[in-house]
2 protein chains.
Amino acid sequence: MEIEAQTGLAGGSDRSAETRGKILDAAVQEFSANGLAGARMDQIASVAGVNKALLYYHFDSKENLYSAALEMISTKTRDATMATFLRDASPGERVLRSALGHFDRILAQTEFQSLMQQEMMRLHKGESGAMDLLIKRVFAPMLAMYQSMVREGIASGELIDTDWLQIHLASLGTNVFYFMSSQLWRELLPYDPFSPEVLAERRKTVVHFLGLAIFRDRERGAELAEKVLADTPMPEIRVDKSPFGVKHERKK
Amino acid sequence: MEIEAQTGLAGGSDRSAETRGKILDAAVQEFSANGLAGARMDQIASVAGVNKALLYYHFDSKENLYSAALEMISTKTRDATMATFLRDASPGERVLRSALGHFDRILAQTEFQSLMQQEMMRLHKGESGAMDLLIKRVFAPMLAMYQSMVREGIASGELIDTDWLQIHLASLGTNVFYFMSSQLWRELLPYDPFSPEVLAERRKTVVHFLGLAIFRDRERGAELAEKVLADTPMPEIRVDKSPFGVKHERKK
DNA sequence: TCTACTTTACTAACCAGTTAGTTAAACTGA
DNA sequence: TCAGTTTAACTAACTGGTTAGTAAAGTAGA
């Protein structure tokens, strides 16, 4: 028995696995750009270079394909994140590293963030969809690890004595908010908030600020921030920035 | 000449103004719950208690109605926010107050936040829509005021010397992220993250954390946080929490 | 000969927007 | 003061474009 068959519903050959991969990639693109309702099955088929009927052959429905795409990208993201937590370093340093990793991951791959935002809004409306699974398999383990990391840091006296969730929210929230509102900053700030230079500066500021905010000894926080930044280069920014996805408009 | 006629497109009688108000309220509800694409004109009409054609009589199109609804609620929010900035207090205290005010505003009225989130995603896709106007009339003045407030605080030595934008992002980001992911926390945390007690605790933590993070003198930050919290009671939480909006499903 | 895939043509639903008409209040002039 | 006229506010029923999903028959490779 093979190891796959997690996401797809049909067949199991090499060829079909490859095709499913192409479809999933196209689906991630289309869904992250247009949302579940806004995405067009024809567009996904066209980008994947296959016939529309094939989407229904492999994944039974639009929702099914959506779930599969969501699961694929989430698993990827989880594995990348968990790696940060497991480094050999003090809890405080790992908190800084994970904040930086989060920043870089959003930079390098917008799709996950975009899909999550949409999924949050769907969850709000009670259309849980594929989220239940993700919560158990992706978010719960990540959060548990984060929690024990921060608690360890508080217990050892390295970090200030505050709610561990607050540190988590402050780290992630700042990044998510910045990228979420990116187009707003573009209009509001007198400089381009997504030029490589400005991004590098933001990255620094995020980590330094966190260093000043959460460490008992602010000087140590600043030093660690410096160290973490020094050995983590900023990822390449993808060039396909703004026009990401295709608009679908009704004709008049 | 009358003062109104800003949002609506037709007539100007008392009766029509009242009807337009009802339609706009219904529209805010439906659009914030379902997004521009997901909202149903039939549903808005039904909630407003009028015929669908009347929506087209008063506002020419779905997009037009959307813009009008967005503008109405944004103006409301801006006025509430500006009030915080203008209090007679030190810059640092006003920063704390505005963070708390932001938290409370999201609590008391989810619609604005929800609409903004959606509008951010549309902006990303280049469908700027009504946002250009809002940026000039709502966000630009708020941001300018915030910036000078923080800079004043840094200049006087009250606040740490960091990018003013970082303080802004950290304050707002934490709140936005918490409420955006509310349903996720509901599943992940061992307690209800939206019970009045937990919310009160979050509110405290947010302000205290900011006090510790941005003030040169941490003790002063803690004291000011205490003071600000003491004279700002938490708003009532609306009871119509989770099921906000109506789902639209295709029939099989 | 089976699995993976294509092609073409279709349907059923959905939903923004329109049309053609109704109601009632306000205005007009003799 | 009231019949006649206009106009703003509103409705019921329909139209037409769009799109998820299906059906059925066929092709290519291993």
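Residue numbering restarts at 1 for every chain, and letters A, B, ... go by the order of the sequence lines. Keep in mind that what you see is a predicted model, and the values were worked out from it rather than measured.
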Inset, instruction - Could you tell me whether B:E71 and B:R137 make a salt bridge, using a distance below 4.0 angstrom between a side-chain N and a carboxylate O? - result: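 Salt bridge flag = yes for B:R137 with B:E71.
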Please give, in whole Å, the distance from [N] [atom2] to [X] [atom1]?
{"X": "A:M41", "N": "C:dA12", "atom1": "CE", "atom2": "P", "result": "20 Å"}
{"X": "A:F59", "N": "D:dA20", "atom1": "CZ", "atom2": "P", "result": "16 Å"}
{"X": "A:L55", "N": "C:dC5", "atom1": "CG", "atom2": "P", "result": "11 Å"}
{"X": "A:K62", "N": "C:dA13", "atom1": "NZ", "atom2": "P", "result": "18 Å"}
{"X": "B:E18", "N": "D:dC10", "atom1": "CD", "atom2": "C1'", "result": "14 Å"}
{"X": "B:D60", "N": "C:dT18", "atom1": "CG", "atom2": "C1'", "result": "13 Å"}
{"X": "B:N34", "N": "C:dA16", "atom1": "CG", "atom2": "C1'", "result": "16 Å"}
{"X": "A:I44", "N": "D:dT19", "atom1": "CD1", "atom2": "P", "result": "13 Å"}

State which residues pass ring pair (Phe, Tyr, Trp, His ring centres under 6.0 Å) with [X]; sequence neighbours excluded, sorted by chain then number.
{"X": "A:F179", "result": "A:F103, A:F194"}
{"X": "B:F177", "result": "none"}
{"X": "A:H102", "result": "none"}

Inset, instruction - Applying side-chain contact (heavy atoms from CB on, under 4.5 Å) between A:S98 and each of A:T81, A:T84, A:L172, report the one that passes. - result: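 Checked A:T81, A:T84, A:L172 against A:S98; only one passes side-chain contact (heavy atoms from CB on, under 4.5 Å): A:T84.
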So does [X] get a side-chain nitrogen or oxygen closer than 4.0 Å to the phosphate oxygens (OP1/OP2) of [N]?
{"X": "B:T19", "N": "D:dA9", "value": "no"}
{"X": "A:R40", "N": "D:dA20", "value": "yes"}
{"X": "A:H58", "N": "C:dC5", "value": "yes"}

Inset, instruction - Sequence neighbours left out, what passes salt bridge (Lys or Arg N to Asp or Glu O under 4.0 Å) with B:R105? Give chain and number order. - result: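 B:R105 satisfies salt bridge (Lys or Arg N to Asp or Glu O under 4.0 Å) with no other residue.
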Using atom names, set out every protein N or O paired with an N or O of nucleotides 11-14 of chain D below 3.5 Å, distance rounded to 0.1 Å.
residue, atom, partner, partner atom, Å
D:dT11, OP2, B:N51, N, 2.6
D:dA12, OP2, B:N51, ND2, 3.4
D:dA12, N7, B:N51, ND2, 3.3

Inset, instruction - Sort and list the pairs that fulfil salt bridge (charged side-chain N to carboxylate O under 4.0 Å, His left out) and have at least one residue in residues 41-57 of chain B, not counting sequence neighbours. - result: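 Sorted pair list: B:D42-B:K52.
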